Protein chains: 2
Amino acid sequence: MAWNLDSDRPIYAQILERIEIQIVSGVYKPGEKIPSVRELAAEAGVNPNTMQRALAELERHGLVSTQRTSGRVVTEDMNMIKETRNMLAKEQIQEFIQRMRELGFEKEEILTLLKSEAGGEKNE
Amino acid sequence: MAWNLDSDRPIYAQILERIEIQIVSGVYKPGEKIPSVRELAAEAGVNPNTMQRALAELERHGLVSTQRTSGRVVTEDMNMIKETRNMLAKEQIQEFIQRMRELGFEKEEILTLLKSEAGGEKNE
DNA sequence: ATTATTGTATTATCTACTTAATACAATAAT
DNA sequence: ATTATTGTATTAAGTAGATAATACAATAAT
């Protein structure tokens, strides 16, 4: 799977966000071990230091923990995972509405546009 | 009005986007003169070089043009303005749907969430 | 004619991010 | 016991963005 990293924002931040999404959407399950720093760095095509930074931050968020030499595992706190998912969704919704308002669109208009656009794309 | 610049993305890019939005949403009208580089830089609290870069890029997009010493004016091509607005809106919609899908939300769910969130905030 | 304002260019410095190349301690695997 | 893998730390170098301090040419305003 492509990592789709761009140069608009710091790479470590994009990686952090991506793995966070993979956890809350179930790609990495509660209690599951995630690949090593070196492995993920190779997969993403970034320097191990950059991946280490992203994972260390992710750990600060509480979604993963580390056992020194055995690697990192996803938290088993399913409630935290669920809450994180809801929080991320809420952020997306708020930001989307605000940006559309800045462009001069009203509530109903936004809903109408969404309805007509939501059916068009599947996976590309 | 606050410029709300953060350190997540390059400042010049945020400024570029902001002024673009101001043009397509009618804050700056077709043919209207926009403030000088130094003026805008002071207002935004950034270095004139940074503002110059943002405006030069904006000019590349075609939304403003410059007459050497009299300053910059917004294009009078209302069609271009309208099309830019639609393009920006479409981008927002596509990105929003994609991100919500990555979080594991389905079409109907997204619409439902939007409906319940869209009434909650006005201007804060 | 003089002055002020315009966009623009230049050079230097600072900071954050990224890569590179190692190294080390802890421990799981053998 | 030895080896390989783990997260982690360190030092150096490169790059992009932002600021600072000027400077200049063109022209609108006086």
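The analysis underlying the following values was restricted to heavy atoms, covering all of them including side chains, and did not include hydrogens, waters or symmetry mates. Chain A is the first sequence line, chain B the second, and so forth, proteins listed ahead of strands; every chain is numbered from 1. Everything quoted here is computed from the prediction, not taken from an experiment.
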Quiz item: B:R72 side-chain donor-acceptor pair to C:dG7 base, under 3.5 Å: no

Partner nucleotide, any strand, of D:dT27 [Watson-Crick/G-U, under 3.5 Å]: C:dA4

D:dG7 phosphate, OP1 or OP2, under 4.0 Å from A:T69 side-chain N/O: no

Over all atoms of both residues, closest heavy-atom pair of A:E59 and A:V64: CG-O, 3.3 Å

B:A54 versus B:Y12, closest heavy-atom pair with distance: CB-O, 3.5 Å

Nucleotide opposite D:dA16 in a Watson-Crick or G-U pair, distances under 3.5 Å: C:dT15

B:G62 to B:M80 - nearest heavy-atom pair and separation: O-SD, 3.3 Å

Atom-to-atom span, CZ of B:R53 to C1' of C:dG7 - whole angstrom: 17 Å

Donor + acceptor pair across side chains of B:D77, B:N79 (<3.5 Å): no

Interatomic distance where NZ belongs to B:K33 and C1' belongs to C:dT5 [whole Å]: 8 Å

Closest-nucleotide 5' rank along DNA chain D - winner of A:N49 and A:G71: A:G71

Rounded interatomic separation in angstrom, taking CG from B:L55 and P from C:dA9: 13 Å

Rounded distance (Å) that lies between atom C1' of C:dG7 and atom CE of B:M51: 14 Å

Contact under 4.0 Å: B:R38 side-chain N or O vs C:dT5 OP1/OP2: no

Counterpart base for D:dA21, defined by Watson-Crick or G-U wobble contacts under 3.5 Å: C:dT10

Presence of B:Q52 side-chain N/O under 4.0 Å of C:dG7 phosphate oxygens OP1/OP2: no

Nearest-angstrom distance from the residue atom CD of B:Q67 to P of D:dA26: 17 Å

Atom-pair distance (CD1 on B:I15; C1' on D:dG17), nearest Å: 12 Å

A:N47 CG to D:dA12 P, straight-line distance once rounded to whole Å: 17 Å

Chi angles and distances behind the side chain to side chain donor-acceptor pair (under 3.5 Å) call for B:E102, B:Q98: CA-CA 6 Å; B:E102 282 170 355; B:Q98 202 207 326; 3.1 Å; yes

